[in-house]
Amino acid sequence: MTSFDVQQVREQFPILQQQINGHPLVYLDSAATAHKPECVLQAMLDFYRTDNANVHRSAHTLAGRATQKFEQARQRVADFLHAQFCDEIIWTRGTTEAINLVAQSWGRQTLQAGDEVLVSAMEHHANLVTWQQIAKQTGAQLRIIPLLTNGDLDIQAYQAMLSPNTKMVALVHVSNVLGTVNPVAEVVRLAKQIGALTLIDGAQAVAHAPVDVQALGCDFYAFSGHKVYGPTGIGVLYGRREMLAQLPPWQFGGEMIKQVSYTESEFNLPPLRFEAGTPAIAEAVGLSAALDFVCQQQAAGAETYQQQLLQQLMTGLQQINGVTIVGQPKQRQGVVSIVLDQTHHHDVCQLLDAQGIAVRSGHHCAMPLLNSLGLAGTLRISLGVYNNKTEIDLFLQALHQALELLND
């Protein structure tokens, strides 16, 4: 292991200091939602205690302070993603809403019969269903980029699918089922050659490694606050400034307007054009604190530490009879899914919970992927910055015992 001080990290998470069913909590479900460090909780509490007011709407002192913190949070996100401009950051409720924003705003005004949208076979429903439905509404065709047998994206097949008809390539950065890290920069480069736009679903990526949207070259990048140790109900859409300037609003109301009469409305410039209504102000402040936390941990060696922990988990799983790891991608982050011989994943999940171990069972909002693999569901183990070697050992031991009990 690295010199990364996981115990010091764990002490910052109040929720971990508890027992579940008489056992210390072992939380291995961070891909669903990550826990929140004290700095995030305190930032939100401080906002509500001292600065609570609506933003951009008044000249009084509290409104000024709230607006300043809100816009500082936007700048924090821009810095975190290495965006060129602060106004390229749009607040949403999460990755799902961010993808829907692009589909409803860009897709509805642009796509038509004969156009093609490419997504991969490993997409979360948030990316797959959104483009599936927009394609149906506009007459465009949704095409699925296949995977190699190891769970990697088939780049050769992808390259062959690209054509002048390709208008959008929407791709997950890291699979929430397989843990596959997609070659996003290469995907974007190839899409650019034929003039297609690119949207990257970064929900599972941002917590595990730095992201530079300028280096990736993508047109849009989306992620959720709660996956990166921040609050629920807040998310981000990064969009290149020149792209956002071309897009119409997709929701209407206050904040996103410049002038209104009874018959006409003039809309604000981005990003406010896409932020109708009162935003999640405290959540944005909390997300800013979460990104500070993440950057501190990355600087301390969290990425290397988590990869070593992942390798410990993989090695241990390979040594348990009756366990098969789903996918063997060349590069994996944060997530391992397994299937169990003659044992249902939900039964094992319940037995693990009885020992205070939280993992996820089911289809993980990726039903078409699992169907293509001939699976009804998997047991998914996902890591956070607060997990340690002892927890991995406890999980592996409990899994072995559960399988012995169920197979007797």
Side-chain angles (χ1 to χ4, degrees), residues 30-34 81 92 94-103 117-135 142-148 150-155 157-158 161 166 168-191 196-213 216-224 226-228 235-239 326-327 329-337 360 362-373 378 380 382-383:
S30 292
T33 195
L81 293 178
T92 66
T95 306
T96 299
E97 186 173 85
I99 296 169
N100 273 269
L101 190 163
V102 177
V117 175
L118 271 56
V119 301
S120 81
M122 68 178 80
E123 296 306 316
H124 188 282
H125 295 165
N127 202 33
L128 172 63
V129 176
T130 302
W131 292 108
Q132 175 194 84
Q133 295 303 309
I134 286 292
L142 183 71
R143 301 188 65 195
I144 310 300
I145 309 165
L147 309 183
L148 300 172
N150 70 338
D152 279 331
L153 193 74
D154 188 335
I155 285 288
Y158 163 65
M161 293 169 71
T166 309
M168 171 65 76
V169 178
L171 185 78
V172 69
H173 197 159
V174 174
S175 167
N176 73 313
V177 175
L178 305 173
T180 304
V181 181
N182 280 319
V184 172
E186 177 70 0
V187 168
V188 171
R189 185 185 68 81
L190 292 171
L197 299 182
T198 50
L199 181 151
I200 307 301
D201 170 357
Q204 297 296 339
V206 289
H208 297 289
V211 172
D212 185 331
V213 292
L216 294 178
C218 56
D219 297 288
F220 302 100
Y221 194 97
F223 75 91
S224 299
H226 73 104
K227 308 279 192 183
V228 71
V236 168
L237 175 68
Y238 156 82
V326 181
K330 292 178 182 177
Q331 188 178 358
R332 182 195 296 267
Q333 278 181 358
V335 172
V336 181
S337 284
R360 180 57 57 98
H363 56 68
H364 319 300
C365 296
M367 291 176 71
L369 169 61
L370 292 185
N371 289 338
S372 72
L373 297 173
T378 73
R380 185 184 70 182
S382 54
L383 304 179

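Computed from heavy atoms alone, side chains included, the values below leave out hydrogens, waters and symmetry copies. Since the structure is predicted, the reported quantities are computational estimates derived from the model, not experimental observations.
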Report task. For Thr198, enumerate each residue passing the side chain to side chain donor-acceptor pair (under 3.5 Å) test, keeping only those at least two apart in sequence or located in another chain. Result -> Asp219

Report summary line: Heavy-atom nearest pair, Gly179 first then Val174, reads O-CG1, 3.8 Å

Query raised in the report: Does some side-chain heavy atom of Gln132 sit less than 4.5 Å from a side-chain heavy atom of Val129?
Result: yes

**Report entry** Under 3.5 Å donor-acceptor, His364 side chain and Ala366 backbone
**Finding:** no

Report summary line: Of Leu148, Val181, Asp152, the one forming a side-chain contact (heavy atoms from CB on, under 4.5 Å) with Lys330 is Asp152

Requested in this report: Can you sort out the partners of Ser224 under side-chain contact (heavy atoms from CB on, under 4.5 Å), two or more places apart, ordered by chain and number?
Outcome: Thr95, His226, Lys227

Query raised in the report: Could you walk me through whether Leu101 and Phe220 pass the side-chain contact (heavy atoms from CB on, under 4.5 Å) check?
Result: CA-CA 11 Å; Leu101 190 163; Phe220 302 100; over 6 Å; no

Query raised in the report: How about Leu178 and Leu147: do any of their side-chain heavy atoms sit closer than 4.5 Å?
Result: yes

Report summary line: Tightest non-hydrogen contact, residues Ala103 and Trp131, listed as CA-CH2, 3.7 Å

Report summary line: Output for pair (Asn100 CG, Glu97 CD), nearest 0.5 Å, gives 7.5 Å

Report task. Write down the atom of His125, the atom of Met367, and the distance for their closest heavy-atom approach. Result -> NE2-N, 2.9 Å

Query raised in the report: From Leu237 CG over to Phe223 CZ, what is the distance, rounded to the nearest 0.5 angstrom?
Result: 10.5 Å

Query raised in the report: Looking only at heavy atoms, what is the nearest atom pair of Ile200 and Cys218, with distance?
Result: CG1-CB, 3.9 Å

Query raised in the report: Would you say the side-chain atoms of Glu123 pair up with the backbone N or O of Val172, donor to acceptor, closer than 3.5 Å?
Result: yes

Query raised in the report: Short question: side chain of Ser337, backbone of Val177 - any donor-acceptor pair under 3.5 Å?
Result: yes

Report summary line: CZ of Arg360 to OG1 of Thr33, rounded to nearest 0.5 Å, is 9.0 Å

Query raised in the report: Going from OG on Ser120 to CG on Leu128, what distance comes out if it is rounded to the nearest 0.5 angstrom?
Result: 9.0 Å

Report task. Would you confirm whether Arg189, through its side chain, and Gly217, through its main-chain N or O, come within 3.5 Å as a donor-acceptor pair? Result -> no

Query - Asn127 side-chain N/O to Ala170 backbone N/O, donor-acceptor pair under 3.5 Å - result: yes

Query - Short side-chain to backbone donor-acceptor contact, Arg332 and Gly327, under 3.5 Å - result: yes

**Report entry** Polar side-chain atom of Ser382 near backbone of Ser30 as donor-acceptor pair, under 3.5 Å
**Finding:** yes

Requested in this report: Please round to the nearest 0.5 Å and tell me the distance separating atom CG of Leu369 and atom CG of Asn176.
Outcome: 8.5 Å

Query raised in the report: Under 3.5 Å, side chain of Thr180 to main-chain N/O of Asn182, donor-acceptor pair present?
Result: no

**Report entry** Interatomic spacing from CG in Leu383 to CD in Gln333 - rounded to 0.5 Å
**Finding:** 11.0 Å

Query raised in the report: Side chains of Ile155 and Pro183: closer than 4.5 Å at any heavy-atom pair?
Result: yes

Query raised in the report: Quick check, are the ring centers of His173 and His208 under 6.0 angstrom apart?
Result: no

**Report entry** Residue among Leu197, Thr130, Ile134, Leu199 satisfying side-chain contact (heavy atoms from CB on, under 4.5 Å) with Val102
**Finding:** Leu199

Report summary line: Heavy-atom closest pair (Val335 atom, Ala31 atom, distance to 0.1 Å) is CG2-CB, 4.0 Å

Query raised in the report: Can you find a heavy atom in the side chain of Leu190 that is under 4.5 Å from one in the side chain of Glu186?
Result: yes

Report summary line: Looking only at heavy atoms, the pair that brings Ala222 and Ile99 closest together is CB-CG1, 4.5 Å

Report summary line: Sequence neighbours excluded, the answer for side-chain contact (heavy atoms from CB on, under 4.5 Å) partners of Ala185 is Leu216

Query raised in the report: side-chain contact (heavy atoms from CB on, under 4.5 Å) with Leu171: which of Val119, Leu118, Leu153, Val188?
Result: Leu153

Query raised in the report: Heavy atoms, side chains only, cut-off 4.5 Å: are Val236 and Leu81 in contact?
Result: yes

